[in-house]
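What's counted below: heavy atoms across the whole structure, side chains too, no hydrogens, waters or symmetry copies.
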Amino acid sequence: MDLREIKEFFKDTIGYILVAIFIIFVVLYIVSLQQVIGPSMSPTLNDGDVLLLNKFVYSLREIERNEVIAFDYDDSKYLIKRVIGLPGEKIEYKDNILYIDDEAYQEKITDDLITDDFSLQDMGHEVIPEDMYLVLGDNRGDSLDSRSFGLIKKDDIIGKPFVRIWPLNQFNLVK
């Protein structure tokens, strides 16, 4: 090998290393894949759906009501749920109606959504504490959510699923 070939080899190698570092950075900090496991988000998301998750969005803006989020549930499992209650709010379900700060709120998920009565007081809170959220699955009859494990911390939120990539015939934005 002459000097020119060695320089060319190192030039090519550095290019590949930079691409690999960029891909690792994107996967660790910006976007990742997440699979839906179980029926708790049906009909919005189904068991086996594969989603792209935006891990960066909440460093730019606040979490909003009705957003679907992914969060760390118990250090070995991620869950995907919908944000229902925000910090500082009083939340209650009564006769299948969501009340936020004692005012009825019309959910836009589905017409046949059935949610059993419960209140934030059942979880030991008058209002949702700062940096905590109440999350529920869209399939309220079959969902492990805040009614079971309580409020989630903002620090446990991994990101926002923004597009379903699998199955291909259901490729769409996650709402």
Side-chain angles (χ1 to χ4, degrees), residues 27 30-58 61-100 104-125 127-129 131-175:
V27 168
I30 299 174
V31 177
S32 68
L33 293 174
Q34 182 71 39
Q35 183 175 20
V36 177
I37 298 173
S40 70
M41 285 301 292
S42 179
T44 306
L45 300 169
N46 300 303
D47 186 31
D49 287 356
V50 178
L51 314 170
L52 280 179
L53 186 68
N54 183 337
K55 297 163 83 173
F56 190 66
V57 66
Y58 296 127
R61 67 170 179 81
E62 293 297 315
I63 296 163
E64 298 174 4
R65 184 181 335 283
N66 290 320
E67 285 190 302
V68 176
I69 62 167
F71 60 95
D72 188 9
Y73 171 59
D74 67 1
D75 293 331
S76 64
K77 188 190 309 187
Y78 299 133
L79 295 180
I80 297 174
K81 302 295 175 201
R82 187 173 301 278
V83 175
I84 302 298
L86 303 172
E89 294 179 336
K90 177 183 172 187
I91 300 291
E92 180 178 26
Y93 274 91
K94 189 173 179 182
D95 299 325
N96 205 41
I97 298 172
L98 169 61
Y99 290 90
I100 301 172
Y105 179 84
Q106 179 64 43
E107 292 187 89
K108 300 171 184 135
I109 303 165
T110 177
D111 293 333
D112 58 351
L113 188 66
I114 297 174
T115 308
D116 294 335
D117 290 359
F118 81 93
S119 74
L120 200 56
Q121 291 177 336
D122 298 338
M123 297 178 203
H125 300 282
V127 298
I128 298 174
D131 290 333
M132 297 191 85
Y133 299 86
L134 184 129
V135 295
L136 298 176
D138 289 355
N139 181 4
R140 305 282 164 82
D142 191 6
S143 178
L144 175 67
D145 53 35
S146 285
R147 297 171 294 174
S148 303
F149 53 73
L151 303 173
I152 64 162
K153 298 175 186 170
K154 183 176 185 177
D155 290 344
D156 290 335
I157 296 173
I158 299 161
K160 176 180 177 23
F162 66 97
V163 66
R164 178 183 0 219
I165 61 171
W166 186 263
L168 290 175
N169 65 344
Q170 294 182 6
F171 184 91
N172 64 354
L173 295 177
V174 175
K175 295 180 183 182

Nearest non-hydrogen partners of G150 and M123, listed with the distance: CA-SD, 4.3 Å

Spacing of N46 atom CG and M41 atom CE [to the nearest 0.5 Å]: 10.5 Å

Short side-chain to backbone donor-acceptor contact, D138 and T44, under 3.5 Å: no

Side chains of Y99 and I91 in contact at under 4.5 Å (non-hydrogen atoms): no

Pair Y105, E89: side-chain N/O donor-acceptor within cut-off below 3.5 Å: no

Minimum heavy-atom distance A70-P161, with the two atoms named: N-CD, 3.9 Å

Nearest heavy-atom neighbours spanning D95 and D117: N-OD1, 2.8 Å

Side-chain touch K154/E62, heavy atoms, less than 4.5 angstrom: yes

Any D155 side-chain heavy atom under 4.5 Å of D131 side chain: no

Pairwise distance CG(D47) to CD1(I37) - rounded to 0.5 angstrom: 7.5 Å

Minimum side-chain heavy-atom gap I69-Y133 below 4.5 Å: no

Closest approach of W166 to G48 (non-hydrogen atoms, all atoms of both residues): CD1-O, 4.0 Å

Distance, nearest 0.5 Å, that separates CZ of F71 from NZ of K77: 10.5 Å

Value rounded to 0.5 Å, distance of CG in L144 from CG in L79: 5.5 Å

Verdict with reasoning, E107 to R65, per salt bridge (Lys or Arg N to Asp or Glu O under 4.0 Å): CA-CA 10 Å; E107 292 187 89; R65 184 181 335 283; over 6 Å; no

Partners meeting ring-ring contact (aromatic ring centres under 6.0 Å, His included) with F118 (sequence neighbours left out): Y93

Exercise: do S40 and K81 side chains pair donor with acceptor under 3.5 Å: yes

CG-NZ distance between D72 and K153, expressed to the nearest 0.5 angstrom: 11.0 Å

R82 (side chain) donor-acceptor with L136 (main chain) under 3.5 angstrom: no

Any donor-acceptor N/O pair, R140 side chain to G137 backbone, under 3.5 Å: yes

K90 side, atom NZ; H125 side, atom NE2 - distance, nearest 0.5 Å: 14.5 Å

Nearest non-hydrogen partners of V31 and K55, listed with the distance: C-CD, 4.1 Å

CA sep, side-chain torsions, deciding dist, call: L51, I80, side chain to side chain contact (heavy atoms under 4.5 Å, CB included): CA-CA 10 Å; L51 314 170; I80 297 174; 3.6 Å; yes

Residues that D49 engages under salt bridge (Lys or Arg N to Asp or Glu O under 4.0 Å), provided they are two or more places apart: R164

Donor-acceptor contact below 3.5 Å, side chain Q170 vs main chain P167: no

Sequence-distant partners of F162, ring-ring contact (aromatic ring centres under 6.0 Å, His included), two or more places apart: none

Smallest separation among heavy atoms of L120 and L151, with atom names: CD1-CD2, 4.0 Å

L33 and I165: CA distance, side-chain angles, deciding distance, side chain to side chain contact (heavy atoms under 4.5 Å, CB included) verdict: CA-CA 9 Å; L33 293 174; I165 61 171; 3.5 Å; yes

Side-chain heavy-atom pair V174, L45 within 4.5 angstrom cut-off: yes

